[in-house]
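These notes concern the structure reproduced below.
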Protein chains: 2
Amino acid sequence: MAPTEKTDLLQGTLDMLILKIVALGPVHGYGISQRIRQISKEVLNVQQGSLYPALHRLEKRGWLSAEWGDSENGREAKFYKLSAKGRRQLAQEEASWNRLSQAVELILGAAQQEA
Amino acid sequence: MAPTEKTDLLQGTLDMLILKIVALGPVHGYGISQRIRQISKEVLNVQQGSLYPALHRLEKRGWLSAEWGDSENGREAKFYKLSAKGRRQLAQEEASWNRLSQAVELILGAAQQEA
DNA sequence: TTTCTATGCATAGATAGTCTATGGTTCCGG
DNA sequence: CCGGAACCATAGACTATCTATGCATAGAAA
């Protein structure tokens, strides 16, 4: 999908974003989406239908571990923690993101030359 | 798809990259993929199976116009030009890219605080 | 009381972009 | 003569994300 105003995310970055947020400390799923929205200043908005499947995917790959607990509001919530494997994965995804986004910037920075 | 080393592109940026390259001047399809690779310093690599469908898509949407002509090597090639509509679309996609990539950077820049 | 919103989890199905694999033609160099 | 690069193209698979939907509880508002 083209990154137009219809998209809530840059495709392919969701896993990295989740891993990064969880790296800041244990959080439950709903909290992850809130923090992504807040830190990105309301630009990035993870739909619940994207979030939960992603969390299950990351857990299945051994990058996150989950545990039920009580949320700040005293409600049941599933808290996620980053595993060592997840930490390595995050580093890799960040490196890849930097490579690729810088490459995109190179293209966008290419001088305009004609009418 | 996660932006790992298995990906040749940042998903969702292909249309923008193509529009940008064509904005530099008329080019044929094969040349577009070469320029993307060169300008990005061999980081971005557009597969032919991604390129040609994308070009047809962009043409159908009225962002590009195509015309057969002779390549630098004297071979038949389809040259693409950016339309006014395509120029507007490019501007929009660039703005969107900036918004979203900056938002991603905000997340990645969030301070690490614990073990 | 009823109703709406926020918090919290989850799945099914549609959409769509990109990749792999394949196919073909022409031209040039070894 | 053969291989590879220059060119175009399509079919099928994969997979990430979105939309739509479902459920439950708590608190505020009406």
Side-chain angles (χ1 to χ4, degrees), chain A residues 1-19 26-38 44-61 64 66-80 93 97 100 104, chain B residues 1-19 26-38 44-61 64 66-80 93 96 100 104:
Chain A
M1 199 180 314
T4 67
E5 62 287 4
K6 304 213 58 181
T7 320
D8 293 319
L9 292 174
L10 267 173
Q11 305 283 307
T13 59
L14 179 55
D15 289 2
M16 177 177 70
L17 295 178
I18 291 176
L19 292 174
V27 233
H28 53 77
Y30 194 82
I32 293 175
S33 68
Q34 284 183 114
R35 297 205 184 182
I36 288 180
R37 197 177 327 113
Q38 288 163 4
L44 303 178
N45 190 34
V46 186
Q47 304 302 322
Q48 312 220 46
S50 310
L51 177 70
Y52 293 108
L55 287 171
H56 300 156
R57 198 168 60 224
L58 299 182
E59 193 185 353
K60 192 178 300 177
R61 291 182 188 164
L64 297 180
E67 205 176 337
W68 286 94
D70 283 340
S71 79
E72 319 75 43
N73 301 328
R75 311 165 124 240
E76 285 283 303
K78 216 191 220 176
F79 284 79
Y80 289 92
E93 297 212 14
W97 159 263
L100 293 173
V104 169
Chain B
M1 195 181 313
T4 67
E5 61 287 5
K6 303 215 61 182
T7 319
D8 294 318
L9 293 173
L10 266 173
Q11 306 282 308
T13 60
L14 180 54
D15 290 2
M16 177 178 67
L17 296 178
I18 291 176
L19 292 174
V27 234
H28 53 75
Y30 194 81
I32 293 175
S33 69
Q34 285 182 113
R35 297 204 186 183
I36 289 180
R37 195 175 329 110
Q38 288 163 7
L44 303 178
N45 190 35
V46 186
Q47 304 302 321
Q48 311 223 70
S50 310
L51 177 69
Y52 293 108
L55 286 172
H56 300 156
R57 197 167 61 224
L58 299 183
E59 194 185 354
K60 192 178 301 178
R61 290 181 188 166
L64 297 181
E67 204 178 336
W68 286 92
D70 284 340
S71 78
E72 319 75 42
N73 300 327
R75 312 165 122 241
E76 285 283 304
K78 217 192 221 173
F79 284 79
Y80 289 92
E93 298 212 12
S96 185
L100 293 173
V104 169

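In the text below, chain A, chain B and the rest are named by the order of the sequence lines, each starting its count at 1. Side-chain atoms are counted along with the backbone in the values below, which use heavy atoms only and exclude waters and symmetry mates.
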Check: Rounded to the Å, how far apart are A:L14 CG and D:dT15 P?
Finding: 16 Å
Notebook entry, point to check: Whole-Å distance between C:dG17 P and B:L44 CG?
Noted result: 18 Å
Note to self: If I take atom CD from residue B:E93 and atom CG from residue B:L17, how far apart are they, to the nearest 0.5 angstrom?
What the structure shows: 9.5 Å
Item checked: Nearest-angstrom distance from the residue atom CD of B:Q11 to P of D:dC18 -> 13 Å
Item checked: Nucleotide C:dA16, atom P - distance to CG of B:D15 in whole Å -> 13 Å
Next item on the list: Give the B/S/- string for nucleotides 3-12 of chain D, one per nucleotide from 5' to 3', where a protein heavy atom under 4.0 Å of the base yields B, of only the sugar-phosphate yields S, and otherwise -.
Entry: --BBBBBB--
Next item on the list: Could you pull out the closest heavy-atom pair between A:L9 and B:L100, with the gap in Å?
Entry: O-CD1, 4.3 Å
Note to self: What I'd like to find out is whether the side chain of B:I32 reaches to under 4.5 Å of the side chain of B:L51, using heavy atoms alone.
What the structure shows: yes
Notebook entry, point to check: Atom CD of A:Q38 and atom OG of A:S33: how far apart are they, to the nearest 0.5 Å?
Noted result: 9.0 Å
Notebook entry, point to check: Roughly, in whole Å, what's the span from CD in A:Q47 to C1' in C:dG8?
Noted result: 16 Å
Margin query: Without decimals, in angstroms, what is the distance between B:N45 CG and C:dT20 C1'?
Written below: 13 Å
Notebook entry, point to check: How would you list, by chain and number, every residue that makes a ring pair (Phe, Tyr, Trp, His ring centres under 6.0 Å) with A:F79, sequence neighbours excluded?
Noted result: A:H28
Check: Any side-chain N or O of A:R57 less than 4.0 Å from the OP1 or OP2 oxygen of C:dA10?
Finding: no
Notebook entry, point to check: In whole Å, what is the span from the CD1 atom of A:I32 to the P atom of D:dT17?
Noted result: 14 Å
Margin query: So for atom CD, which belongs to A:E67, do other residues, nucleotides or ligands contribute more than 12 heavy atoms lying within a distance under 6.0 Å?
Written below: no
Check: Please give, in whole Å, the distance from D:dC14 C1' to B:D8 CG?
Finding: 15 Å
